[in-house]
Asker: 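Just passing along the structure, written as structure tokens.
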Amino acid sequence: MSQTSFIIDAPVFDPATGEAKFFYRLADHTFVETLRFPIEGLDTARPGTGAFKTLLDLTAAVLGVSYFKLLAPFEIDATALALSPAQQAFVLDVYENGLGEFYARNDLKRFGRLTIAAGTPREDSIPPTLPARALVLIGGGKDSLVSVQLLESAGAEMSLFAVNPKGPILTSAKRSGLPFLTVDRVLDPEMIALGQQPGYYNGHVPSTAINSMIAALASLLYGYGNIVLSNERSASEGNIEFDGRQANHQYSKSIDFERAIRDVLSTATSGSLGYFSLLRPYSEARIAALFARSNRYDDVFSSCNRNFRLSGHDGPLWCGQCPKCHFVFLIFAPHMDKARLTAIFGQNVLDNADNIAPYRELTGLSGHKPWECVGEILEAAACLWRIADHPDWHDSAVVKALKPDLESFYGPARLLSAYEEFMTDSADHLIPEHIENAVAPHAH
């Protein structure tokens with residue numbers, strides 16, 4: 001390997017402290033990242049198993065994207081990790097498609113050009129015995145809370161899970177009353193500082209992939225047989241074409257990635273650990289309808305990434321200005337009355353003339369799909385069309401401005417059929433049949 005390689009050294013885990021440490025080298029920099037798992041309930045025998053060691057190596061590789069992106073070299077030296085060819089292919093997928101937005105926004109062509117070298121894979125080990133209970137990743141937004149409520153209705157045993165929880169993650173978990181497992185992730189401060197310096201790159205990393213690997217380690221340490229995500233079907237839609245591929249802000253929430261990580265986790269644990277998104281059959285509009293059936297979390301949840309980044313939600317839960325706020329308000333509008341929805345957001349997002357231009361992008365009338373976790377462009381257009389004549393919304397500034405343009409661009413018939421399609425469940429998902437059958441009666 002050349003000096004321009006990104007080098008991933010062997011990780012270590014200490015069962016006595018619950019600390020995992022990960023080591024990286026890039027040019028003349030060395031980095032150390034730490035995960036801190038709770039001691040209470042930790043099975044101290046598990047870290048010695050082949051399955052855990054393999055998952056620890058895979059986690060080291062996936063967490064490495066945060067450091068790799070500083071210089072984005074073409075070579076990944078993972079010779080200190082024991083990875084099979086299939087596992088190496090998975091890592092390359094994370095470093096290529098998982099960083100697709102990062103490459104596009106920095107104009108870096110890496111698709112199909114990265115190489116990886118890894119150590120000899122471990123021999124098959126004894127499969128870990130994991131209980132059938134679920135570890136549910138929670139982000140404090142509407143999606144994971146819909147999963148929680150569906151699983152509760154189906155009588156599933158579960159705990160919630162988050163990495164570095166704050167704000168609405170904490171308040172939503174507390175409101176649920178469910179067991180809550182958390183892990184502290186400590187990034188190397190030099191990496192954070194370098195990302196702001198000239199000569200180094202910065203940008204979006206596949207956080208769902210990172211948190212999923214941390215959840216996989218937790219599943220073995222504390223005994224969970226299924227990792228449950230809440231990624232909807234529109235997460236598979238890309239943002240723009242770049243370097244011969246679709247660059248997707250939500251790639252690690254897509255069904256392609258879900259299938260890849262499911263297979264890797266299953267193989268590493270000899271079939272003991274499952275991974276799936278409970279909301280994959282649903283559109284964002286359908287999830288909004290499911291959420292609207294209960295007001296249990298109205299005052300504690302938030303899907304606003306801007307306020308989450310700026311203040312950790314010490315302030316308002318919703319900024320009302322970012323693409324996520326715009327989209328979520330819109331998809332709730334067909335299913336909530338104005339009083340409830342404006343109380344949640346603290347404002348009527350659709351009645352602000354400053355939001356007309358952003359909604360034009362969101363509905364496909366201009367620009368491209370925002371670099372945010374928002375649903376499909378046609379979905380946004382169909383939802384706006386759906387409320388265009390509703391007495392609560394028809395006089396709102398955004399609705400009045402966009403209705404004629406939507407009619408002209410898409411046509412009423414297409415918008416109507418699109419909305420009906422978005423409210424119809426898809427069969428393209430990876431939910432185990434027995435869980436699908438248990439949840440289905442509660443989703444209709």
Asker: State which residue, out of P168, C325, P316, S172, fulfils the side-chain contact (heavy atoms from CB on, under 4.5 Å) condition with S302.
Answerer: P168
Asker: Does one side chain, of Y24 or T30, offer a donor that lies under 3.5 Å from an acceptor on the other?
Answerer: no
Asker: Only distances under 3.5 Å count here; give the side-chain donor-acceptor pairs of residues 397-405 to other protein atoms, sequence neighbours excluded, each with its distance to 0.1 Å.
Answerer:
residue : atom : partner : partner atom : Å
K403    : NZ   : D389    : OD1          : 2.9
D405    : OD2  : R360    : NH1          : 2.7

Asker: Does the side chain of F180 reach to within under 4.5 Å of the side chain of I169, using non-hydrogen atoms?
Answerer: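 Side chain of F180 against side chain of I169, heavy atoms only: contact under 4.5 Å found.
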Asker: Kindly indicate whether the side chain of W318, heavy atoms from C-beta on, has any atom under 4.5 Å from the side chain of S303.
Answerer: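 With C-beta onward as the side chain, the pair touches.
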Asker: State, with a plain yes or no, whether a side-chain heavy atom of R286 is found less than 4.5 Å away from one of F291.
Answerer: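 They are not in side-chain contact.
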Asker: Between the side chains of E232 and K253, is the shortest nitrogen-to-carboxylate-oxygen separation below 4.0 Å, so that they form an ion pair?
Answerer: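 Not counted as a salt bridge, because no side-chain N and carboxylate O are separated by less than 4.0 Å.
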Asker: Determine, for R105 against E101, whether the closest basic-nitrogen to carboxylate-oxygen distance falls under 4.0 angstrom.
Answerer: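 Yes, this pair counts.
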Asker: Going by distance alone, is a donor N or O of one side chain under 3.5 Å from an acceptor N or O of the other, for Y200 and H29?
Answerer: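 Yes, a side-chain donor-acceptor pair sits under 3.5 Å.
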Asker: Would you say the side-chain atoms of T79 and D77 include a donor-acceptor pair closer than 3.5 Å?
Answerer: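 Present: a donor and an acceptor within the cut-off.
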Asker: Hey, are the side chains of T269 and F52 touching, using non-hydrogen atoms and a 4.5 Å cut-off?
Answerer: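 A side-chain contact is absent here, since even the closest heavy-atom pair is not under 4.5 Å.
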Asker: Tell me, do F102 and N202 make a side-chain contact under 4.5 Å, heavy atoms counted?
Answerer: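 SC-SC contact between F102 and N202 ruled out.
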Asker: Please tell me whether Y251 and D256 have a donor and an acceptor in their side chains that are separated by less than 3.5 angstrom.
Answerer: no
Asker: Between E379 (side chain) and E284 (backbone), is there a donor-acceptor pair under 3.5 Å?
Answerer: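 Checking the backbone N and O of E284 against the side chain of E379, a donor-acceptor pair under 3.5 Å is found.
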Asker: F327 vs Y359, test: ring-ring contact (aromatic ring centres under 6.0 Å, His included). Steps then yes/no.
Answerer: CA-CA 8 Å; F327 183 79; Y359 269 108; 9.2 Å; no
Asker: Going by atom types alone, do Y103 and E96 pair a side-chain donor with an acceptor below 3.5 Å?
Answerer: no
Asker: Do W393 and L341 have side chains that get closer than 4.5 Å, going by heavy atoms?
Answerer: yes
Asker: Going through the distances and angles, do L26 and I7 end up as a side-chain contact (heavy atoms from CB on, under 4.5 Å)?
Answerer: CA-CA 6 Å; L26 181 64; I7 302 169; over 6 Å; no
Asker: Taking atom types as modelled and ignoring hydrogens, do the side chains of T34 and K21 form a donor-acceptor contact shorter than 3.5 angstrom?
Answerer: yes
Asker: Consider only side-chain N and O atoms of S230 and S144, and report whether a donor and an acceptor are under 3.5 Å apart.
Answerer: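 Checked: S230/S144 side chains show no N/O donor-acceptor pair below 3.5 Å.
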Asker: With a 4.5 Å heavy-atom cut-off, do F13 and F37 have their side chains touching?
Answerer: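 In short, these two side chains touch, coming nearer than 4.5 Å.
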Asker: Between the side chains of E436 and H429, does any donor sit under 3.5 Å from an acceptor?
Answerer: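 Checked: E436/H429 side chains pair up, N/O donor to acceptor below 3.5 Å.
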Asker: Does any part of the side chain of N231, heavy atoms only, come nearer than 4.5 Å to the side chain of L279, both counted from C-beta?
Answerer: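 Not touching, per the 4.5 Å side-chain cut-off.
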Asker: For the residue pair R25 and F31, would you count it as a cation-pi contact if the rule is NZ or CZ under 6.0 angstrom from the ring centre and within 45 degrees of the ring axis?
Answerer: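 Judged by the rule, R25 and F31 form no cation-pi pair.
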Asker: Is it the case that over 12 heavy atoms from other parts of the model lie below 6.0 angstrom from the OH atom of Y201?
Answerer: no
Asker: R280 and D428: salt bridge (charged side-chain N to carboxylate O under 4.0 Å, His left out), yes or no, with the steps?
Answerer: CA-CA 7 Å; R280 186 66 68 189; D428 189 16; over 6 Å; no
